[in-house]
Amino acid sequence: MKKMLSILLACALAVSMMSACGSKETPKDQGNQTVTQGAKEEEKKQPEAEATPEVQEPEENAEIVNGRFVETRKITVEIYERGNDGGSKPEDNFFTDFIKEGMLRDHNVEVTYVPVPRWTEKDQINNLLAAGDAPDVCLTYDYPTIQTYANMGGVMDLSTYVEDYKDMLPNLWGWLQESNMYWDRDPEKGTIWALEARLANSTRINTFVREDWLKKLNLASPTTLEEFEKMLVAFKDNASLLLGADADKMVPFGISFDIGWRADHLLASFVPSSITEQEQYINGFDDRRFLYPGIKEGVKLLNKWYNDGLIWKDFAIYGSGDPTEDNMMKAGYVGAFMHNWDYPYRDGDNSINNNLKRLVGEDAGYVAVMPFKNDAGVYAKFLPAPVDRKIFFPTTNEEPLASLLYLDWITAFENRKFLQIGEEGVNHTTLADGSIQAMAATGEKIMNSPLNIDYTMTINGLNLETQELTAKSLSLSYVGVDAKYIELAYDYSIRDGIYGKQHSYGEITSESGMGPALSEKRDVILTQSVTAPADKFDSVFDSGMADYLSSGGQAIIDERKAAWESHN
């Protein structure tokens with residue numbers, strides 16, 4: 001299979017190289033002047049050691065005048081398909097029309113969106129890249145996938161493009177800045193296979209509990225692990241009081257197959273406070289920190305809770321994107337869970353909290369709590385560096401400049417602001433102090449993702465004119481939710497945060513192609529470990545870890561250790 005993928009990509013690359021030609025003029029004469037693109041793009045597609053033929057492309061096919069291509073260019077762009085109930089087509093709706101019309105007006109570029117299932121996006125992008133059918137502008141959360149196809153000749157090196165066209169990309173450079181434009185640049189080769197979107201708000205995970213259940217049982221919000229566990233036991237023991245005839249549906253603590261994400265704060269509290277930056281780098285290639293010291297003890301506690309009947313017993317049989325757990329939360333059966341920092345409040349009128357109020361009563365709802373301290377008594381949370389999705393162009397992209405102009409256009413402040421807050425009176429209302437309050441939209445102007453994140457691929461998180469305005473608007477941007485719950489959730493999600501750092505040590509070759517396989521193996525190991533009989537936990541976890549390491553994990557550790565030692 002790998003050989004076949006290599007052949008397919010090599011053929012696609014060869015066709016791409018042979019089909020492009022043009023003059024050798026450069027795009028340095030800016031200020032709304034005429035720019036020739038054809039040869040510049042061809043120059044970048046050719047290996048440095050090869051001479052580029054002097055072929056003059058017809059002028060009308062290569063000019064940009066006043067920021068617009070003289071001849072219409074066409075690009076395709078990846079967009080996530082989330083399968084939202086009541087949502088619009090992600091590739092064809094009010095907001096895609098806004099972008100399409102703007103790109104055609106400002107740059108004479110036609111944009112076509114290609115939907116990709118959000119919850120299986122890595123597999124889908126793999127398939128599209130292998131077949132040579134990937135969109136011109138792609139994004140993924142998984143950089144090793146990009147590196148794998150870059151090594152096979154399937155991903156475009158953006159280094160010279162972003163530098164030579166810098167003056168034409170003021171919004172992109174102004175927002176991402178050198179840090180995110182060059183985040184993935186190889187320190188020796190200078191290649192840039194992807195641009196890193198900027199994380200505007202470094203929120204990540206929160207722990208939520210049913211506030212109305214706490215009141216009914218006369219319990220305070222838990223502030224320690226012991227209090228949290230006692231609360232779960234109280235939920236279980238008082239199922240009849242809390243759920244009446246539905247007592248058998250009680251789930252004290254909800255979780256999913258992605259235990260590394262859905263138990264993040266609990267697991268992080270078991271990581272020693274003495275962990276060094278070196279340890280974090282060497283063992284940090286797994287985005288769930290599966291290899292960090294102390295994680296096993298955290299998973300062991302989850303195993304105890306599972307065997308004590310405190311965790312949803314059927315969580316392991318429901319895969320990615322399945323709505324069963326969310327539906328149980330909306331129905332009022334789940335007492336506590338960990339998830340994205342604002343999870344029960346998002347999705348407008350269809351949020352978990354709003355459904356609870358309709359089905360259970362106005363007092364029903366979730367509130368963020370912060371119960372997990374580490375050995376130093378700190379609520380440690382491993383938070384990401386200011387990077388988010390990775391944006392890349394396959395080598396089948398014949399319009400790299402048009403694609404970069406697309407990224408620049410959606411990054412322009414006024415454009416991204418409109419995409420994030422929508423239309424006045426429909427998606428939001430502006431208050432007297434200038435803050436933005438979200439409104440629940442229906443029909444064609446509904447947002448398929450929070451803040452339209454799927455269309456603002458260079459930014460994750462609300463970003464308005466000032467930080468103060470952003471913070472206030474953020475607390476108002478949830479339909480039917482008192483701002484105090486958002487402010488509390490935001491505070492708890494970043495309190496005592498430990499932020500990721502950049503280490504430009506070049507490619508770790510042993511990681512190439514291993515991301516999806518190791519992530520899947522990790523999820524299986526964690527699920528099997530949590531659901532194992534208590535007396536089998538150690539053998540299940542240890543054998544799973546040994547398999548993980550022998551399947552490529554140890555090779556990555558060894559190479560990262562060598563990279564650290566050679567640069568420090």
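A salt bridge is defined here as a Lys NZ or Arg NE, NH1 or NH2 lying under 4.0 Å from an Asp or Glu carboxylate O, and K381 with D496 fails to meet this definition. Using a 4.0 Å cut-off between charged nitrogen and carboxylate oxygen, R262 and E325 count as a salt-bridge pair. We find that R522 and D287 are joined by a salt bridge, their nearest charged nitrogen and carboxylate oxygen being less than 4.0 Å apart. Taking 4.0 Å as the cut-off between side-chain N and carboxylate O, K74 and E398 do not count as a salt-bridged pair. Using a 4.0 Å cut-off between charged nitrogen and carboxylate oxygen, R346 and D342 count as a salt-bridge pair.
With hydrogens and angles disregarded, a donor-acceptor distance shorter than 3.5 Å links the side chain of E78 to the backbone of L139. R82 places no side-chain N or O within donor-acceptor distance of the main-chain N or O of S449, the cut-off being under 3.5 Å. Side-chain atoms of D322 come within 3.5 Å of backbone N or O of T324 as a donor-acceptor pair. For the pair N180 (side chain) and E196 (backbone), a donor-acceptor distance under 3.5 Å is present. Side chain of D308 to main chain of L310: no donor-acceptor pair is present (N/O by atom type, distance under 3.5 Å, no hydrogens or angles). Side-chain N or O atoms of Q177 include none that pairs as donor or acceptor with a backbone N or O of S179 at under 3.5 Å. The main-chain N or O of A489 is found under 3.5 Å from a side-chain atom of N206 such that the two form a donor-acceptor pair.
Every residue meeting the side-chain contact (heavy atoms from CB on, under 4.5 Å) condition with V271, not counting sequence neighbours, appears here in chain and number order: I275, Y292, I295, F382. Judged as a side-chain contact (heavy atoms from CB on, under 4.5 Å), and not counting sequence neighbours, the contacts of L549 are L291, M545, Q554, I557. Legend: residues meeting side-chain hydrogen bond (donor to acceptor under 3.5 Å, both in side chains) with S551, ordered by chain and number and at least two apart, are D547. Every residue two or more places apart in sequence or in another chain that forms a salt bridge (Lys or Arg N to Asp or Glu O under 4.0 Å) with E511 is listed here: R560. Contacts of D264 classified as salt bridge (Lys or Arg N to Asp or Glu O under 4.0 Å), with partners at least two apart in sequence or in another chain: R204, R289. In this structure E559 satisfies the side-chain contact (heavy atoms from CB on, under 4.5 Å) test together with I508, T509, S510, sequence neighbours excluded. The side-chain hydrogen bond (donor to acceptor under 3.5 Å, both in side chains) test applied to N460 returns D388, not counting sequence neighbours. Every residue two or more places apart in sequence or in another chain was checked for a salt bridge (Lys or Arg N to Asp or Glu O under 4.0 Å) with D136, and none qualifies. With sequence neighbours left out, the salt bridge (Lys or Arg N to Asp or Glu O under 4.0 Å) criterion links D314 to no other residue. In this structure Y455 satisfies the side-chain hydrogen bond (donor to acceptor under 3.5 Å, both in side chains) test together with N93, sequence neighbours excluded. Every residue meeting the side-chain hydrogen bond (donor to acceptor under 3.5 Å, both in side chains) condition with T276, not counting sequence neighbours, appears here in chain and number order: E279.
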With a 3.5 Å cut-off and sequence neighbours excluded, list the donor-acceptor pairs that the side chains of residues 527-542 form with protein atoms.
unit_1 : atom_1 : unit_2 : atom_2 : d
T527   : OG1    : F257   : O      : 3.4
T527   : OG1    : D523   : O      : 2.9
S529   : OG     : I525   : O      : 2.7
T531   : OG1    : T527   : O      : 2.8
D538   : OD1    : K296   : NZ     : 3.3
S539   : OG     : K536   : O      : 2.9
D542   : OD1    : K296   : NZ     : 2.9
D542   : OD2    : K296   : NZ     : 3.4

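The distance between the ring centers of W183 and Y143 does not fall below 6.0 angstrom. Side-chain rings of H265 and F372 stay apart, their centers remaining 6.0 Å or farther from each other. Taking the six-membered ring for Trp and the full ring otherwise, the centers of W341 and Y490 sit less than 6.0 Å from each other. Annotation: Y366 is in aromatic contact with F337 [ring centroid separation under 6.0 Å].
Remark: R185 qualifies as a cation-pi partner of Y182 under the 6.0 Å distance and 45° angle criteria applied to the six-membered ring. Cation-pi geometry between R118 and Y80 is met: the NZ or CZ atom falls under 6.0 Å from the ring centre, inside 45° of the normal.
Surrounding CD of E188 are at most 12 heavy atoms belonging to other residues, nucleotides or ligands under 6.0 Å away.
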Decide yes or no on side-chain contact (heavy atoms from CB on, under 4.5 Å) for I259 and F315, but give the supporting numbers first.
-> CA-CA 10 Å; I259 291 169; F315 80 87; 3.9 Å; yes
List the steps and the verdict of ring pair (Phe, Tyr, Trp, His ring centres under 6.0 Å) for Y318 and W312.
-> CA-CA 11 Å; Y318 294 96; W312 180 29; 5.2 Å; yes
